[in-house]
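Here it is, the structure in full.
The analysis underlying the following values was restricted to heavy atoms, covering all of them including side chains, and did not include hydrogens, waters or symmetry mates.
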Amino acid sequence: MEAPRARNPQAVLFACGLNSVRSPMAESLLKQMFPQGLYVKSAGVRKSELDPFAVAVMAELGQDISAHKPMTFEELDDWEGLNFDLIITLSPEAHHKALELTRTMAADVEYWPTPDPTDTEGTREQKLSAYREVCDVLLMRIRRRFARAGAASE
């Protein structure tokens, strides 16, 4: 028998490869949607620096992620523990890491394959466009996934 899915999770972790673009964007988008009632964090498989294009695109939406400090799963675990009932992975390596972790912790894992905009070549505007597209996809998925949670808590 399959475990029940966390339909209305209380704690959500977004994860990607470096915690510098996709997962901090998703964390910020979901936090804005549910300022109270949901605990949201993000982590990466490897350590990196926050991407300035991600900061710029989120600023266009009125969201400031400039203070975000990228951290790995291990750093997050050391800092506060991995007490999440839902881990949403945005890259294959993060998905494998989350599946490995959930062998010893009770959390649902959802895989949302999300392109990495850092591979985009071209002008500043072309790069920003790729980051905006990723942000739009994340926002659409977050709205679809968490719309029921909002309706249930009102």
For the backbone of W112 and the side chain of T114, can you confirm whether one donor and one acceptor N or O come within less than 3.5 Å of each other?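 Looks like yes, one N/O pair under 3.5 Å.
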For residues F73 and D78, determine if any side-chain heavy atom of one lies less than 4.5 Å from a side-chain heavy atom of the other.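 No - every pair of side-chain heavy atoms lies 4.5 Å or more apart.
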Is there a donor-acceptor contact under 3.5 Å from the side chain of E75 to the main chain of T72?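 Yes; at least one donor-acceptor contact below 3.5 Å.
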Please report the closest heavy-atom contact between L29 and C135, naming both atoms and the distance.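 Scanning both residues, the minimum pair turns out to be CD1-O, 3.9 Å.
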Would a 4.5 Å heavy-atom cut-off, applied to side chains only, mark L18 and K47 as touching?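 The answer is no, as the side chains (C-beta and beyond) never meet within the 4.5 Å cut-off.
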With no hydrogens and no angle check, is any side-chain donor or acceptor of S129 less than 3.5 Å from a backbone partner on E125?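 No, S129 side chain to E125 backbone: no donor-acceptor pair under 3.5 Å.
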Go through R132 and E60 one step at a time and tell me if the side chain to side chain contact (heavy atoms under 4.5 Å, CB included) criterion holds. CA-CA 9 Å; R132 288 183 192 113; E60 292 174 355; 2.8 Å; yes
Kindly indicate whether the side chain of T89, heavy atoms from C-beta on, has any atom under 4.5 Å from the side chain of L99.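 Of all side-chain heavy-atom pairs linking L99 with T89, none is under 4.5 Å.
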Could you check whether any side-chain N or O of K41 sits under 3.5 Å from a backbone N or O of E27, counting only pairs where one atom can act as donor and the other as acceptor?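 Checked: no pair found.
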How far apart are the closest heavy atoms of R22 and P115, and which atoms are they?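 That would be CD-O, 3.3 Å.
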Ignoring hydrogens and angles, state whether a donor on the side chain of Y131 or D51 is under 3.5 Å from an acceptor on the partner side chain.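 There is such a pair between these side chains.
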Please determine if K127 and E121 form a salt bridge, counting it only when a charged side-chain N lies under 4.0 Å from a carboxylate O.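 No, this pair does not count.
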Checking D85 side chain against Q10 main chain: does a donor-acceptor pair fall under 3.5 Å?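 Yes; at least one donor-acceptor contact below 3.5 Å.
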Kindly work out whether a path of hydrophobic side-chain contacts (I/L/V/M/F/W/Y, heavy atoms less than 4.5 Å apart) joins Y111 to V137.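 Looking at the clustering, V137 is in a separate group from Y111.
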Do the non-hydrogen side-chain atoms of K97 and E74 ever get within less than 4.5 Å of each other?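 Yes, at least one pair of side-chain atoms sits under 4.5 Å.
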Do T104 side-chain atoms and L101 backbone N/O form a donor-acceptor pair below 3.5 Å?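 Present.
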For L86, does its backbone N or O pair with a side-chain atom of D108 as donor and acceptor, under 3.5 Å?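 Judged by distance alone, no pair lies under 3.5 Å.
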Side chain proximity check, V21 to F53, heavy atoms < 4.5 angstrom: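 Of all side-chain heavy-atom pairs linking F53 with V21, none is under 4.5 Å.
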Nearest non-hydrogen partners of A26 and L90, listed with the distance: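 Nearest pair, atom of A26 first, then L90: CB-CD1, 4.3 Å.
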Could you measure the distance from the OG atom of S91 to the NE2 atom of H96? Nearest 0.5 Å is fine.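 One finds 9.0 Å between OG of S91 and NE2 of H96.
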So if I apply the side chain to side chain contact (heavy atoms under 4.5 Å, CB included) rule between L139 and each of M33, M25, Q32, which one comes out positive?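 Output: one option passes, namely M33.
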Value rounded to 0.5 Å, distance of CG in L82 from CG in D77: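 If we round to the nearest 0.5 Å, L82:CG and D77:CG are 4.0 Å apart.
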What distance do C16 atom SG and I88 atom CD1 have between them, rounded to the nearest 0.5 Å?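 One gets 12.5 Å once the value is rounded to the nearest 0.5 Å.
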Any side-chain heavy-atom pair from L30 and F34 closer than 4.5 angstrom?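 SC-SC contact between L30 and F34 confirmed.
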Compare all side-chain heavy atoms of P24 with those of F14 and state whether any distance is below 4.5 angstrom.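 Side-chain contact under 4.5 Å: no.
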For atom CD of E133, is the number of surrounding heavy atoms from other residues, nucleotides or ligands below 6.0 Å larger than 12?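 No, the 6.0 Å shell around CD holds no more than 12 heavy atoms from other groups.
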